[in-house]
*Asks:* 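Just passing along the structure, written as structure tokens.
In the text below, chain A, chain B and the rest are named by the order of the sequence lines, each starting its count at 1.
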Number of protein chains: 2
Amino acid sequence: MEGSATAMTQIEQAEGKPRLGRKRDLTRDPEILASALDVLAETGYDGMTIDMVAARAKAGKATLYRRWSSKAALVLDAVACMKSNEIDLEDLPDTGTLRGDLIAMVRTPTIRDGERKLKVMAGIASMIARSPELAAAAHEALVEPRATVNRIFFRRAIERGEIPAGVDVDRLSIISPAMVAYRVLMLGKPVDREFLISTIDEIILPAAGVRSVDCR
Amino acid sequence: MEGSATAMTQIEQAEGKPRLGRKRDLTRDPEILASALDVLAETGYDGMTIDMVAARAKAGKATLYRRWSSKAALVLDAVACMKSNEIDLEDLPDTGTLRGDLIAMVRTPTIRDGERKLKVMAGIASMIARSPELAAAAHEALVEPRATVNRIFFRRAIERGEIPAGVDVDRLSIISPAMVAYRVLMLGKPVDREFLISTIDEIILPAAGVRSVDCR
DNA sequence: CGTATCCGAAACTTGGCAGTACCGGAACTA
DNA sequence: TAGTTCCGGTACTGCCAAGTTTCGGATACG
């Protein structure tokens, strides 16, 4: 709740005030949030300092505290704002086959974006158990978008009769994110196109019950 | 390298010394390490303080620093020592079927142990990218043991002819840990027997190419 | 033009934790 | 018994980051 990026500036949300003097430069908000995410991904929550964020954004510390009441609030907003970079659900690939749809999502920018999200996730991992708000923001911005896309592909495949209607769409949608997260965070290996494609062919499609050539 | 629990006390490892005075109580080492893991799982690396660990172990701070040169060394040792609680590879269940073997590992203590490991992993997640030593210890103690057990099961199944010899054993072995980690760390949901069994039946076995009843 | 608020930058205050030093007491050695 | 090292506990030091304040300058309003 509370919603969008620049609107979350908790301090002074009273609207009716005429506010005189120089106006706040709202274009700095996304720049600062992006810097915060960079530092967060590089050093983790506890390693991140407000000075680092301010320096990277070429802003003063006071400017940050004028907009966010604390480090925790800044991080929460930064994580929540990753949601806006989401994939447009109206403009998804539709190749006519489940495999085609899944493979169409395996593109360099998508992988890059995913790795960044995972680094942020690793940076806040220890906080998630203690901050329900942050956990919710991370879930909505980092976890759910990927699963949502996959769910759409599987539902389409069911409608086409390509896979059985009885499959657990939610579980299938999570396989790919889970394998990627494990590979990056636990195994420390990079995610490349080949890994993703073989995961699709060797795990996801068999689990989905695709009537493939090798089911003799 | 360096190996076992109590042996890693980095300070004074010269052996030939006759050492006079009161002897160090070596039985405190595992108690302190266990306390460190508890605090680590609860608060994460940065949230953990030496005082917390000392208090939980009912030890003095000096006692800890007499045995480990720093907080980082203590945590590294504590994580490395989780490896010793490993499952005995000589005493694995052997039910005669892949599904039977996998299901036999789904037991309450195994699940509990896994959740604890994941909480520790979350607590040190942000450190892993910056500390290769800790990353290696975590990999060996938390990640590899599970995969090793699964690999054995899949190799047996191949020998029996239960699954094709061409399957990617390493990838299959990782599915279960990956799904569990994602469920706990990203989704914040608990891991129960039902989840594990349906993961085996709906994802792992189809991916392994088991000639199951529903492959008509 | 005067005032109020913003800006980036830097100085400053405060609190918490890593690491050290010391205490009285216990255990071991010579 | 004297000397040494351990023990649990506490007090202390030094550092670092959160958060506040101040400053000179810029921008907007009336």
*Asks:* So, does Thr49(B) get its side chain near the phosphate of dC17(C), meaning an N or O under 4.0 Å from OP1 or OP2?
*Replies:*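 For dC17(C), OP1/OP2 do not have a side-chain N/O of Thr49(B) under 4.0 Å.
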*Asks:* Using a 4.0 Å heavy-atom cut-off across all strands, classify Ala54(A) as base, sugar-phosphate, or nothing.
*Replies:*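 Nothing, no nucleic acid heavy atom in range.
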*Asks:* Between dA18(C), dT21(D), dT5(D), spot the one nearest the side chain of Arg22(B), thanks.
*Replies:*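 For the Arg22(B) side chain, the nearest candidate turns out to be dT5(D).
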*Asks:* Would you mind reading off the distance between Arg28(B) atom CZ and dA26(C) atom P, rounded to a whole angstrom?
*Replies:*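 So the two atoms are 17 Å apart, to the nearest Å.
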*Asks:* How long is the line joining CG of Asp46(B) and P of dG16(C), in whole Å?
*Replies:*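 Asp46(B) atom CG is separated from dG16(C) atom P by 16 Å.
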*Asks:* Heavy-atom nearest nucleotide on DNA chain C for Lys23(B) versus Lys61(A): which residue maps closer to 5'?
*Replies:*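 It is Lys61(A) whose nearest nucleotide is closer to the 5' end.
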*Asks:* For Tyr182(A) and Leu187(A), run side-chain contact (heavy atoms from CB on, under 4.5 Å): C-alpha distance rounded to whole Å, both residues' side-chain angles, the deciding distance at 0.1 Å, then the answer.
*Replies:* CA-CA 7 Å; Tyr182(A) 197 80; Leu187(A) 304 183; 4.1 Å; yes
*Asks:* Between dA21(C), dC6(D), dT29(C), spot the one nearest the side chain of Arg66(B), thanks.
*Replies:*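 Of all the options, the side chain of Arg66(B) is nearest to dC6(D).
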*Asks:* Specify the separation, in whole Å, of atom OH of Tyr65(A) and atom P of dA10(C).
*Replies:*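 After rounding, the reported distance stands at 17 Å.
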*Asks:* Counting side-chain heavy atoms from C-beta on, which of dG9(D), dA17(D), dG19(D) comes nearest to Ser70(A)?
*Replies:*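 Nucleotide nearest to Ser70(A)'s side chain: dG19(D).
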*Asks:* Does dA27(C) have OP1 or OP2 under 4.0 Å away from a side-chain N or O of Arg24(B)?
*Replies:*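 No, Arg24(B) has no side-chain N/O under 4.0 Å of OP1/OP2 on dA27(C).
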*Asks:* Checking Thr27(A) against Asp25(A): is there a side-chain donor and acceptor pair closer than 3.5 Å?
*Replies:*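 Yes, Thr27(A) and Asp25(A) have a side-chain donor paired with an acceptor closer than 3.5 Å.
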*Asks:* CE of Met48(B) versus C1' of dG19(C): gap in Å, rounded?
*Replies:*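 Distance, rounded to whole Å: 14 Å.
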*Asks:* Compare all side-chain heavy atoms of Ile50(B) with those of Leu74(B) and state whether any distance is below 4.5 angstrom.
*Replies:*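 A side-chain contact under 4.5 Å exists here.
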*Asks:* Please tell me which of the listed nucleotides, dT5(D), dA9(C), dT20(C), lies nearest to the side chain of Leu20(B)?
*Replies:*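 Looking only at heavy atoms from C-beta outward on Leu20(B), the closest nucleotide is dT5(D).
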*Asks:* Between dA18(D), dG19(C), dA4(C), which nucleotide gets closest to the side-chain atoms of Lys71(B)?
*Replies:*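 For the Lys71(B) side chain, the nearest candidate turns out to be dG19(C).
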*Asks:* State whether the number of non-hydrogen atoms from other residues, nucleotides or ligands found under 6.0 Å of Arg130(B) atom CZ is greater than 12.
*Replies:*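 Count over threshold, so yes.
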*Asks:* Determine the sole option in Lys119(B), Arg116(B), Arg56(B) for which the salt bridge (charged side-chain N to carboxylate O under 4.0 Å, His left out) test with Glu42(B) is passed.
*Replies:*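 Single pass found, and it is Arg56(B).
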*Asks:* CD1 of Ile50(B) versus P of dT13(D): gap in Å, rounded?
*Replies:*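 Computing the Ile50(B):CD1 to dT13(D):P distance gives 21 Å.
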